[in-house]
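Accompanying notes for the structure given below.
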Amino acid sequence: MRIAVTGAAGFIGQAFSRHALAAGAQVHGIDKLTYAANPVTVAELEAQPGFTLHRADIAEPAAMRDLIRRIAPQAVIHLAAETHVDRSIDHTAPFVATNIVGTHSLLEAALDYCRALSPAEKAQFRFLHVSTDEVYGALGAEDSAFAETSVFAPNSPYAASKASAEHLARAWHHTYGLPVMIGNCSNNYGPYQFPEKLIPNMILKALHGEPLPVYGHGKHVRDWLYVDDHAEALWLILTRGKIGEKYHIGGKAETANLALVETICAMLDAAMPGSSHRPHRNLINFVADRPGHDFRYAMNIAKIERELGWRPKTSMEDGLQRTLDWYLARRDWWQGIRDSYAGERLGLGR
Ligand code: NAD
């Protein structure tokens, strides 16, 4: 299978690309290489047989049309996005440009390409759109988890741009017959995640003895999924999912932010018995809450369990330990980012 993966150099894109390569696919990564694409990740991907990187902006319609025709993929997996909620609050324009305009230009390119395929090739073609739990807004403590039928109520500019993108993907299926499928996933964590996101941010700050900023009261709840489990779910949707359907993906691992940060601190205490920053939990520092901060997200994943036989494999404890070990071992991956952001506020996590 020859597939085009937008955002391949990002956190989930690299995990999905590795998964697809291991399954025997040829992967054509399409990536603008923004700040979120680490050159070390790019070099690792490019060293893999079967992987080709195309540096391109999904928001450029002519370039996308030309590139999709040249790659001639059997599937497009669309992950490229501006992804950090805090950045979306500070600067909205890149979120509209990439997440909405970019998704539109990619859908148009895919449709243009799909229309020129033979009936047999068209029957095989898929467009897998990667969306998020944040399109549904916030849950209260006692509310049922979001189902595929839940109503959209995005609260942050990031969530609104992803909701718009998902609406476009759905409409291109219903109106033009583009064979779209959608995956909505909860918070991912694991190796190769840019250190502005909550878990790597806390690991690296704690390692350096810096204050660990926790928003508000720290009781906000997120459902966490190890990134390789997400990659596996996306592969299953791509290869066995039904056209026109959407699938919820989650870790069944709802955790309050403060409890998560305390767990990371305890793991770091155990990993670094000689550290002068022990106990790391003393570094926790409550800061003013994010404007419009969603209280809780949770995903009902009964549909993907029932129809595709997928379930999260990695427990939160194992996944966090693997993630911590990876960041401790891969200074070569994150030191350049910390140096270039020295003195600047890195985001505080989704
Ligand atoms: P990321 O920020 O780590 O990576 C995004 C990638 O997209 C980067 O490589 C970047 O260079 C690329 N990109 C950005 N703008 C581009 C453009 N205009 N043209 C081409 N490439 C561009 O993001 P991630 O965490 O890997 O998320 C990937 C996707 O999964 C996103 O669509 C996101 O909304 C979705 N998602 C993420 C999570 C999560 O917890 N990380 C959860 C659910 C859904």
Side-chain angles (χ1 to χ4, degrees), residues 4-18 28-42 45 53-61 63-64 67 76-88 93-106 109 128-136 146 154 156-166 169 182-200 222-231 233-234 246-251 253 297 299 319 323 337 347 349-350:
V5 180
T6 73
F11 166 51
I12 302 172
Q14 62 80 32
F16 178 78
S17 296
R18 288 176 212 265
H28 287 259
I30 300 175
D31 202 299
K32 186 178 172 183
L33 303 184
T34 68
Y35 79 95
N38 188 318
V40 181
T41 306
V42 173
L45 284 173
L53 183 71
H54 306 267
R55 185 172 191 171
D57 184 344
I58 58 162
E60 290 182 3
M64 268 318 104
L67 188 54
V76 174
I77 297 85
H78 177 33
L79 291 129
E82 288 290 337
T83 60
H84 193 48
V85 173
D86 289 331
R87 284 179 190 262
S88 85
F95 288 76
V96 173
T98 288
N99 300 3
I100 306 177
V101 178
T103 298
H104 173 259
S105 93
L106 189 68
L128 173 53
H129 177 74
V130 179
S131 192
T132 162
D133 55 3
E134 301 194 33
V135 297
Y136 301 112
F146 297 122
S156 71
Y158 163 71
S161 69
K162 290 295 292 184
S164 306
E166 189 179 329
I182 296 167
N184 295 74
C185 193
S186 61
N187 273 28
N188 285 215
Y189 70 101
Y192 296 94
Q193 187 169 31
F194 192 82
E196 67 189 346
K197 302 285 169 55
L198 182 64
I199 289 177
R222 298 294 179 263
D223 169 44
W224 291 95
L225 180 69
Y226 192 65
V227 66
D228 289 349
D229 287 349
H230 187 192
L234 292 174
K246 65 186 248 156
Y247 298 89
H248 279 187
I249 308 162
Y297 307 128
M299 294 299 255
T323 305
I337 300 170
R350 279 169 24 115

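Read the numbers this way: they start at 1 and go in the same order the structure lists the ligands and their atoms. What you are looking at is a predicted structure, and each value in this text was computed from that prediction instead of being measured.
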I'd like to know whether ligand 1 has Ala165 as a neighbour, heavy-atom separation below 4.0 Å. no
N or O contact, Ala59 vs ligand 1, cut-off under 3.5 Å: no
Within the 4.0 Å heavy-atom cut-off, what Lys162 brings close to ligand 1 is side chain
Can you check whether Ala36 has an N/O within less than 3.5 Å of an N/O in ligand 1? no
Considering only heavy atoms, does Thr83 approach ligand 1 within less than 4.0 Å through its side chain, its backbone, both, or neither? side chain
Contact between ligand 1 and Tyr158 is defined here as a heavy atom of the residue under 4.0 Å from a ligand atom; is it met? yes
Set of side chain to side chain contact (heavy atoms under 4.5 Å, CB included) partners for Thr6, sequence neighbours left out: Ile30, Ile58, His78, Ala80, Leu106
Quick one: look at Asn99 and ligand 1, take heavy-atom pairs under 4.0 Å, and tell me if it's side chain, backbone, both or neither. neither
Does even one non-hydrogen atom of Ala8 get within less than 4.0 Å of ligand 1? no
Going by the order shown, which atoms of ligand 1 are within less than 4.0 Å of some heavy atom of Ala37? 9 (O), 11 (O)
Under 4.0 Å, counting heavy atoms only: does Asn187 come that close to any atom of ligand 1? yes
Has Ser131 got any heavy atom lying under 4.0 angstrom from an atom of ligand 1? yes
Pro94: what forms a side chain to side chain contact (heavy atoms under 4.5 Å, CB included) with it, not counting sequence neighbours? Glu82, His91
Check the pair His248, Tyr136 against ring pair (Phe, Tyr, Trp, His ring centres under 6.0 Å), reporting the backbone distance first and the verdict last. CA-CA 12 Å; His248 279 187; Tyr136 301 112; 5.2 Å; yes
